[in-house]
Amino acid sequence: METTKTFWLPEQASTFADAVDWAFGLYFWISLFFFALIIGLITYFVLRYARKRPEQMASGQMIHNTMLELSWTIIPLLIVMGLFFIGMRGYWHMRVAPSDAVTIDVVGRKWSWSFDYTQGFSNDTLVVPVHQPVRLRVTSTDVLHSFFIPAFRAKADVIPGRYHSLWFEATRTGVFPVLCTQYCGTNHSFMLSAVKVLEREEYDEWLKGAAEAAGGGGMTPAEFGATVYTKRGCNACHSPDGKPGIGPTWQGLWGKSRPLTNGSSVLADEAYIRQSILEPPTQVVAGFQPIMPPYKGIISDREIEAVIAYIQTLK
Amino acid sequence: MSAHAENINYFKASKGFMSWLVTVDHKRIGLMYLASILLFFITGGVYAGLFRLELWGPLPGFISPDTYNHLFTMHGVIMVFLVVVPGIPGALGNFLLPLQLGAKDLAFPKLNITSLYLYWIGAVIALFSLTQGRADSGWTFYAPYSLSQNPAVLWMLVAAFILGFSSILTGLNFIVTIHKMRAPGMTWFRMPLFVWALYATGIMQVFATPVLGITLLLLLMENFFRIGIFDPALGGDPLLMQHFFWFYSHPAVYIIVVPAFGVVSELIATFSRKDIFGYKFIAFSSVAITIIGFLVWGHHMFVSGQSEVADTIFSFLTFFTAVPSAIKVFNWTTTLYQGSIKLTTPMLYALQFLFNFTIGGLTGIVLGILSVDIHLHDTYFVVSHFHYVAMGSTMIAFIGGIYYWWPKMTGRMFNETWGRLAAVLVFLGFNLTFFAQLIMGSQGSPRRYYNYLTEFQIYHQISTAGIVVLALGLFMALFNLLISLKNGAIAPQNPWGARTLEWTHAETPPVLYNFTETPVVTQGPYEYPTEKV
Ligand SMILES: [Cu+2]
Ligand SMILES: [Cu+2]
């Protein structure tokens, strides 16, 4: 496929990209002009007026020139006012989602994204139909993050305890990176996902399939638990196979006695795991930082049960 | 034999280590600032060098993500709070302000040494934090991340809080000195532009820094007592923290760069033997920028979730700060016209400043364009933009200023050839390092990334190569100065033929109380004769 990537800007895949890139391009040429003018003049003066004898004085002492001063005040002023209006128009367009936009909830947490569809399931990548305005309602369960899709020129900070939103309309199908641009700790730079833009029919099909799969249709609880493990971002911190990570590995966790930071210890049973997921700070495993995001109000009972079933299989 | 103490040079006026520690002489205090700041500049640079090496490749290299986060935090905190903010005012300002005004010292010499001690205490606490864990909040301390009760972050907050007081006291001292200590005949418009710049900086230090202090204090209280101020989990508001923080940190940009404007004005005037074009404009615009600079902090928050109306107003006001800066560049450029220009080492830094500051300014304007900023915000483009200002403009002007006033401070001339060679390396290294970052930033590479998409590797490699050249240039510049202390020719009173009082009326190096007789000023700071060619 032909790429729209240029020297300065990444590929374009949303309806905003054109306007943003146009403003960037316009400004680029304006700034190049002024840069060349200033550096050109400096170079010329330095060569032309180089001191040849040590005692040589300046050949003139111009300290004022009304015409010059007026023009280099008024012209930049007009230019920046123009830039302000261009930026403002583009920005307000970006901020106000059209009324026919579909809404998808985005939850950011250390260090993964989940995309909650109104059809009642959630996914670890964002899947959207092409040529359809999509509004993302974003929030965080722990610290600040920022949701960024370079190809769409779209970005919004993701704030705990608050909803913030952004919208876009994809102009072509494909897969584009989703990045976190607000520093959020250890694995900030691994907090990646992707947005997959599908044709309308493909999207509808995907939506149906995903909704069914999310019901656990055709899967054993443990299999379903394994999908929750990645879809809910547990894999950012927990390993299923004993590899050390930010959080304790799940291998061999079931039925073990867990030492907590408050000195007590507790058996890793149903109740403990459920509590650890919903309200992690209430029982922090010794030797770990209390940084696991709470999943209360985010994860469903069915998913918790599935995770427990999954953990039971990790001997 | 028994020459009066006040008539011998300030190095010899008293002797011994203690005589420096208890001194109230602004010149010695300036030199101690200079030494401390250069030391931290090297430290901050080493941190940068380490994480730039790691970034040579996209995948985990020789350090872990947590170490990387710690390194860039240390780099940022050190460079901002211990180097560029106190830099030019602390080192050059202290040394030169009384000399340029024709005064014996600053208005409050004891307050001055207090500022230096606060700086040292702040620095020691910042270093002490290293024994308490690894600070990893970034220099911006955004909540709620900085509320994780990491003891190292807490110590950093304390350090920054104390450093703020050092800054406030310096600003206050400068403002009073400029109002009260000018020599007879030194009217406001006969003051060198460096003095005007310090005046504007002083205003910002006194009015903006307390807000930083309050913010840091609130963060500390929230960390200790878990009262909800900024953390939503406790009922606080993380945006409030950002508003407070940028209410200080935007003016801080001008605290950082306005003194550099002053230095560059001096260098350009001296080495082109010209009166500065539009002297009054430059003088007033420094003060004007100071005032508008208090009203634009929200341009750091266009994607933060603040209201669209606020975004629009902040964008509008931001463009007004662009115009005075642009005019200054035109003024300096026009000053060169018809001059008698000599490309000494300091002048090479002044010209580099113009080059870098033009890029720094132009890349700043594009960030003010709302729709475009949404894309560029929090990418390497922003990182590069502020390095073009803080390093490419401020530090470059600072180094140029150190070279320019070195003979006055130390009584020795440096080697021009090595000086110029180093200046060229610094120029190449700096631009290599940061121009690459502009491109990868607008391509969408986020900042503070340990791991990055492989398509950005080439830019990271250019950037890392650049920092090697930059480091080479900086060390060469430093050694050239240090060697001159021993081998340099004895400096005459006015080696550059400058017109400001520190050159025309003060000995090299100056005597204890600066002037043997109070100078009487009869003309402006840059009144050079002309000749027909
Ligand atoms: Cu992040
Ligand atoms: Cu700002």
Side-chain angles (χ1 to χ4, degrees), chain A residues 8-10 19-20 23-24 27 31 34-35 38-39 41-42 45-46 49-51 56-63 69 72-73 76-77 80 83-84 86-88 90-92 94-95 143-144 146 148 150 153 155-157 159-162 164 177 179 181-190, chain B residues 65-66 69 138 142 144-145 232 238 272-275 277-279 303-305 308 312 315-316 319 322-323 326-327 329-330 333 336-342 351 354-355 358 362 365-366 369-372 374-375 377-379 439 442-444 446 448-453 528-531 533:
Chain A
W8 288 99
L9 292 162
V20 169
F24 184 93
Y27 180 73
S31 58
F34 280 102
F35 182 72
I38 290 163
I39 302 309
L41 281 174
I42 291 175
F45 290 156
V46 165
Y49 302 110
R51 188 181 302 170
Q56 185 179 333
M57 285 294 152
S59 53
Q61 287 289 352
M62 179 175 80
I63 53 168
E69 286 169 272
W72 72 42
T73 307
L77 196 64
V80 295
L83 293 172
F84 163 71
I86 292 172
M88 180 184 76
Y91 178 68
W92 281 81
M94 284 176 168
R95 294 302 307 157
V143 296
L144 293 171
S146 190
F148 181 33
R153 315 287 187 265
K155 184 183 289 142
D157 274 7
I159 309 156
R162 250 198 215 208
H164 190 199
L179 306 164
T181 48
Q182 185 63 270
Y183 172 68
C184 57
T186 311
N187 286 338
H188 165 54
S189 65
F190 294 93
Chain B
D66 281 329
N69 294 343
Y142 267 24
Y145 191 80
S272 55
R273 299 200 168 146
K274 280 282 307 278
D275 199 346
F277 186 97
Y279 166 96
V303 304
S304 71
E308 285 80 8
T312 309
S315 165
F316 183 72
F319 283 111
V323 176
I327 298 176
V329 172
F330 291 127
T333 305
L336 298 173
Y337 173 68
Q338 291 185 330
S340 165
I341 300 171
K342 183 130 203 270
L351 297 177
L354 288 180
F355 185 97
T358 304
L362 289 169
I365 293 174
V366 68
I369 306 177
L370 273 167
S371 59
V372 181
I374 303 302
H375 176 65
H377 185 79
D378 270 338
T379 65
I439 305 167
S442 64
Q443 285 288 358
R448 297 176 169 175
Y449 258 35
Y450 167 78
N451 165 50
Y452 53 82
L453 305 180
Y528 290 91
T530 53
E531 64 176 57
V533 275

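Note that the coordinates shown come from a computational prediction; the quantities given were computed from them, not determined experimentally. Below, chains carry the letters A, B, ... as their sequence lines are ordered, and counting in each starts from 1.
Heavy-atom pairs under 4.5 Å with chain B peak, among A/Gly60, A/Gly90, A/Ala58, at A/Ala58. The candidate with the highest count of non-hydrogen atom pairs below 4.5 Å against chain B, out of A/Leu77, A/Leu41, A/Ile159, A/Val143, is A/Val143. Each of A/Pro177, A/Pro150, A/Ala156 has some count of heavy-atom pairs under 4.5 Å with chain B, and the biggest count is that of A/Pro150. When each of B/Leu370, B/Leu351, B/Asp275, B/Val323 is checked for heavy-atom pairs under 4.5 Å with chain A, B/Leu370 comes out on top. Across B/Pro529, B/Gly444, B/Ser442, the residue that shares the most heavy-atom pairs under 4.5 angstrom with chain A is B/Ser442. Each of B/Pro238, B/Ser315, B/Ser272 has some count of heavy-atom pairs under 4.5 Å with chain A, and the biggest count is that of B/Ser315. Among the candidates B/Gly138, B/Ser304, B/Gly278, B/Pro232, the residue making the largest number of heavy-atom pairs closer than 4.5 Å to chain A is B/Ser304. The candidate with the highest count of non-hydrogen atom pairs below 4.5 Å against chain B, out of A/Ala23, A/Ser146, A/Gly161, A/Ala50, is A/Ala50.
Across all their heavy atoms, A/Ile86 and B/Ser371 have their closest contact at O-OG, 4.3 Å. Between B/Leu362 and A/Phe35, the shortest heavy-atom contact is CD1-CB, 4.0 Å. Considering every non-hydrogen atom in both A/Phe84 and B/Thr312, the closest pair reads CE1-O, 3.4 Å. What you find for B/His375 and A/Lys155 is that their closest heavy atoms are O-NZ, 2.8 Å. The two residues B/Leu336 and A/Tyr49 make their nearest non-hydrogen contact at O-CD1, 3.8 Å. Minimum heavy-atom separation, B/Tyr337 to A/Met62: CD2-CE, 3.8 Å.
Distance check: A/Phe45 CZ to B/Ile341 CD1 gives 8.0 Å after rounding to the nearest 0.5 Å. Taken to the nearest 0.5 Å, the CZ atom of A/Phe34 stands 9.0 Å off from the CD1 atom of B/Ile365. Atoms OG1 and CD1, from B/Thr358 and A/Ile38 in turn, are 4.5 Å apart once rounded to the nearest 0.5 Å. Rounding to the nearest 0.5 Å places CG of B/Asp378 at 11.5 Å from CG of A/Leu179. How far CZ of B/Arg273 is from OG of A/Ser59: 13.0 Å, rounded to the nearest 0.5 Å.
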Hey, mind stepping through B/Tyr279 and A/Ile63 against side-chain contact (heavy atoms from CB on, under 4.5 Å) and telling me if it holds? CA-CA 8 Å; B/Tyr279 166 96; A/Ile63 53 168; over 6 Å; no
Worked check of side-chain contact (heavy atoms from CB on, under 4.5 Å) between A/Phe148 and B/Val303: CA-CA 10 Å; A/Phe148 181 33; B/Val303 304; over 6 Å; no
Verdict with reasoning, B/Phe355 to A/Ile39, per side-chain contact (heavy atoms from CB on, under 4.5 Å): CA-CA 7 Å; B/Phe355 185 97; A/Ile39 302 309; 3.7 Å; yes
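Heavy atoms closer than 4.5 Å to chain A are found in the side chain of B/Tyr142, but not in its backbone. The contact between B/Val366 and chain A is made by backbone and side chain atoms together, counting heavy-atom distances below 4.5 Å. In this structure, the portions of A/His188 lying under 4.5 Å from any heavy atom of chain B include both its backbone and its side chain. For B/Val372, the parts lying near chain A are the backbone and the side chain together; criterion is any non-hydrogen pair under 4.5 Å. Both the backbone and the side chain of A/Met88 come within contact range of chain B, each with at least one heavy atom under 4.5 Å from a heavy atom of that chain. With a threshold of 4.5 angstrom between heavy atoms, A/Gln182 approaches chain B through its backbone and through its side chain.
A search for salt bridge (Lys or Arg N to Asp or Glu O under 4.0 Å) contacts involving A/Arg95 returns B/Glu308, not counting sequence neighbours.
Under the 3.5 Å distance criterion, the side-chain polar atoms of B/Asn451 are matched with a main-chain donor or acceptor of A/Ser189. Without hydrogens or angle criteria, A/Thr186 side chain to B/Asp66 main chain gives no donor-acceptor distance under 3.5 Å. A distance-only check finds no donor-acceptor pair linking the side chain of A/Gln56 to the backbone of B/Ser340 [under 3.5 Å].
Between B/Tyr450 and A/Phe190, the angle of the ring planes lies from 30° to 60°, which puts this pair in the tilted group.
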